[in-house]
Amino acid sequence: MDLLPSLTQREAAERAALIEVQRYDIEADLTDLLDSSDFRAVSTIRFSCRGAGASTFVDAAVTVTSASLNGVDIAEDRISTGRIELTGLAEDNLLVVASVQSETAAGEWVHRSVDPADKEVYVWTSFEPDDARRAWACFDQPDLKAPHHFTVVAPAPWIVVSNSGDPVVTQHPGGGRRWDFPDTPPLSTYIPVINAGPFHEIRSERNGFDLGLFARRSLARFLDRDAEEIFDITAAGLTFYGDRFGLAFPQHKYDQVFLPDMGGAMENFGCVTWSDAFVYRSSPTYTERENRALVLLHEMAHMWFGDMVTMQWWEDLWLNEAFAEWACYWAAEAATPFTDAWSSFLAGEKLEGYAADMAPTTHPIRQPAADVAAAAASFDGITYPKGASVLKQLFAFVGEDACVAGLRGYFAKYAWGNTRLVDLMGELGLASGRDLTGWTEGWLDTAGTDRLSLDVDGSGAAILRTTGPGGIPPRPHRLDVGVYDRPDGDRSLVRRHVVSLETTGPTTRVPDVGGAALLLVNDEDLTFASVRPDASSLRTMLDSAAGLPTAVSRGVAVTTAWDMLVWGELSAADFVRCVTGVLANESVDSVIEPYLSLAVEAADSWSPDVRRDALLERVADVCLALATDPVRRHAAVRALAQTAVTESQIAELRTLVGDDVDLRWRLLARLAEIGSADPAEVERLTHEDPDPDAWVRALVVDSARPDPQCKEATWRAIVEEHRVPMGSLRIVSDAFWRRSQGVIVAPYADRYLEILPTLHLAGMIPALGTSRALYPRAGVGAAFVDRAVAAANADGVSPVVSKRVIELTDRLNRMLTARTM
Ligand SMILES: [Zn+2]
């Protein structure tokens, strides 16, 4: 399948100029998938042509069993890999293509999954960016939109879920049932979806919408437990976006389907699909609930930005994703209980944006995409978190009211159409009265992160120095500098005032800061930049960040310290001191788990060998203190299970775990790492755990054992047997690459490099997931860094894998530097 042509921008433009698609009638037959692998479809396409007699092609990356154009069979020599040539077009055309897709186990396009718990079969589709052609013949490009009408024949016990609601269900003469769905609105080809299987379904009528949730049957109890909260956030989100964008969601039905073997989530119109890793198997922590709400609101934002208004070509994919990512935090704070979402963004996702931007693989946010494959490589830390940060900066630059007015203008003008970046910037410029040309060039067309350094001279005068990446001129920044005093004998810092700045060149004077205890650059996190405080502020910040008044101001302190750690300017010990100081006093739940993750990572992975245990012990002590708060207890005990080192900490961990199944698994993994997990207890817990995927937890425990045979079995389960679900790769792999087991895992570092050329064969999303999750983080040194870069650049490694490996190698290299400090 890797010989499939990737549609070029030029081909797409020529085709869009020539034809217009009136509608798709898709008949799908899933009968065979109950026991076997074939997905059958008949695609009937009505389209008009602007030049009678002209030629074009339809995409069809399937086995074509018959094809006719305007009633005349298409000769076999017109059918090549991925395409069917269409010649002698009339003004109005009828194309009928019957096809089979037999590759239904890749975790992409059409996927068939068997639940190991009860052997039930589930089938789903997922098409972004150009996989609809792997299910049926279609003009697979975003700017040829048309209504889709689905009829689906499925085994009798199955439920079929698609974009539109209220299907007419009848008995099918050949057995099974036939599901006939109403027409969708005009959709790009990557937005339609078909899901089928004996789902557990829950429905609720809220705010005038008919909401549905689906998961495989074996997860019913977990979905039931959280359904109320998911419905509440769904209803609040639909109402919020409809109101703010001045365009109501136009369909009564909005479904969300949680699916096995799927990675991430996908914004199919009216039918969002999710990895069922989001159906949490133990009572979710605050951050798990917040994450689920954010993903929900991200996919929902795409209904407007992506589905109703769609990019003309994939070069503006970043805008789709950055917008949805910005909008989900905006909506979470305004319309849900997760009112501190931007502070967790700062401590979590935004750091990934900085990491991607400091790696050699960074690129401008906006870049040309000559074909679809090139665009697919940009699903990364630049597109999502940096893109969202840059939109946040834009909205600080022009003001939220002007932004909302601009967005309303945009949706009013372009609903159901296709746009380019200039269309959005035009509406925002109009609403704000500002010329955004310089902003666009600086922020969207330039790679890398600006550095903002504060200099304070002996007289107390402050100058903010702004340097662009690699010596290029810096971008314009709209930012705040917080000026803080410390009243005598008080731990807290009092904000005297905020200096609001717009930088336009390399130096900007910061007025009215004399005598301050701390000057916090980028207070309230308006811009995207690598910040360096003046020497005196740095000391105060590391010691007393907890005394800052808001979650975001404390977050700016913590993430500034993290940035200095990754640039080799601060030791892991200093970072741990700063973040544990904040954690011990933090009043906002949203940041607890992100900070715990950073603290664990700094102590465990970024510290020198000789200081590691001492830093882990320090983090474990903070976990013990946090565990006294009922809201934070579960998250704190999870982090304790990663850090407990002393005998008394292990003993306290055992007590805190109690009879909680999730925590018992984590305790076992910790005990396994230090060589004392009881196999009988693993056996017992596997039977007690109601999670159908409990065997994965047992694998995590085995994976953590300092035993070469266990490591080999885990490696085979992931790499050769492909038994580990995508959503669990990370936890299994974290247990595998233990720093304390460097000698045992060292041989697998080169085995990782050996499999790189094969990863993409399983599809793009699995390749991304595997290359990231399996990346070596123990038993490797400076020599591995060179080998990894060479292996990533070798022939046969796909661009997405190569880029990911180079990015992770940059991070490893920084980690190795920090370990010498
Ligand atoms: Zn998205």
Side-chain angles (χ1 to χ4, degrees), residues 108-109 124-132 142 163 187-193 233-234 237-238 240-241 245 249 254-259 262-275 277-278 290-332 341 345 348-350 352-353 356 365-367 369 372 375-392 407 410-411 418-419 421 424 726-727 763-765 768-769 772 800:
E108 295 192 289
W109 52 88
W124 49 263
T125 68
S126 198
F127 294 154
E128 191 177 16
D130 61 347
D131 282 340
N163 304 87
L187 298 180
S188 301
T189 46
Y190 75 98
I191 299 296
V193 68
I233 291 166
T234 306
L238 286 168
F240 174 80
Y241 286 139
F245 297 151
F249 182 66
Y254 189 87
D255 285 336
Q256 298 177 88
V257 188
F258 296 89
L259 294 159
M262 191 177 158
M266 176 62 205
E267 66 263 26
N268 313 297
F269 183 80
C271 187
V272 172
T273 47
W274 299 61
S275 158
F278 285 100
E290 187 184 76
N291 277 346
R292 187 174 57 198
L294 289 167
V295 173
L296 189 161
L297 293 167
H298 172 112
E299 303 308 332
M300 186 184 281
H302 279 309
M303 299 300 127
W304 284 262
F305 216 97
D307 294 3
M308 283 192 258
V309 181
T310 313
M311 75 235 127
Q312 187 176 325
W313 179 244
W314 295 106
E315 64 191 341
D316 279 330
L317 171 68
W318 74 270
L319 183 59
N320 249 14
E321 294 306 342
F323 183 88
E325 200 53 16
W326 167 81
C328 74
Y329 288 91
W330 180 57
F345 174 79
E349 231 199 318
K350 194 172 183 188
E352 287 176 35
I365 289 180
R366 179 167 71 156
Q367 55 181 358
V372 187
S378 59
F379 281 93
D380 62 10
I382 301 297
T383 299
Y384 288 75
K386 185 182 177 186
S389 305
V390 163
L391 289 180
K392 189 175 182 230
L407 289 170
Y410 178 76
F411 288 117
N418 291 83
T419 57
L421 174 70
L424 176 67
M726 282 273 294
M764 182 185 85
I765 292 169
L768 279 173
R772 184 185 193 91
V800 286

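One is the number of the first residue; the rest follow in order along the sequence. Start at 1 and go down the list; that is how both ligands and their atoms are numbered.
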Asker: Apply the side chain to side chain donor-acceptor pair (under 3.5 Å) test between N268 and each candidate in T273, T125, D307, D255; give the one that qualifies.
Answerer: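 It is T273, the one option of T273, T125, D307, D255 that forms the side chain to side chain donor-acceptor pair (under 3.5 Å) with N268.
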Asker: Can you check whether L297's main-chain N or O pairs, donor with acceptor, with Y241's side chain at less than 3.5 Å?
Answerer: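 Yes.
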Asker: Within the side chain of N418, is there an N or O that forms a donor-acceptor pair under 3.5 Å with the backbone of P142?
Answerer: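 Such a contact is found between N418 side chain and P142 backbone.
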Asker: Taking all non-hydrogen atoms of both residues into account, name the closest pair between E108 and W124 and its distance.
Answerer: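 That closest heavy-atom pairing would be N-CH2, 4.0 Å.
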Asker: Indicate yes or no for a side-chain donor-acceptor contact from S275 to the backbone of G263 under 3.5 Å, with no hydrogens or angles considered.
Answerer: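 Flag not set: sc S275 to bb G263 has no pair under 3.5 Å.
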Asker: If the test is ring pair (Phe, Tyr, Trp, His ring centres under 6.0 Å), which one of F240, Y254, F411 qualifies with F249?
Answerer: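 Exactly one option meets the ring pair (Phe, Tyr, Trp, His ring centres under 6.0 Å) with F249, and it is Y254.
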Asker: What protein N/O/S atoms are there under 2.8 Å from the Zn ion (ligand 1), waters excluded?
Answerer: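 Sorted hits: H298 NE2, H302 NE2, E321 OE1.
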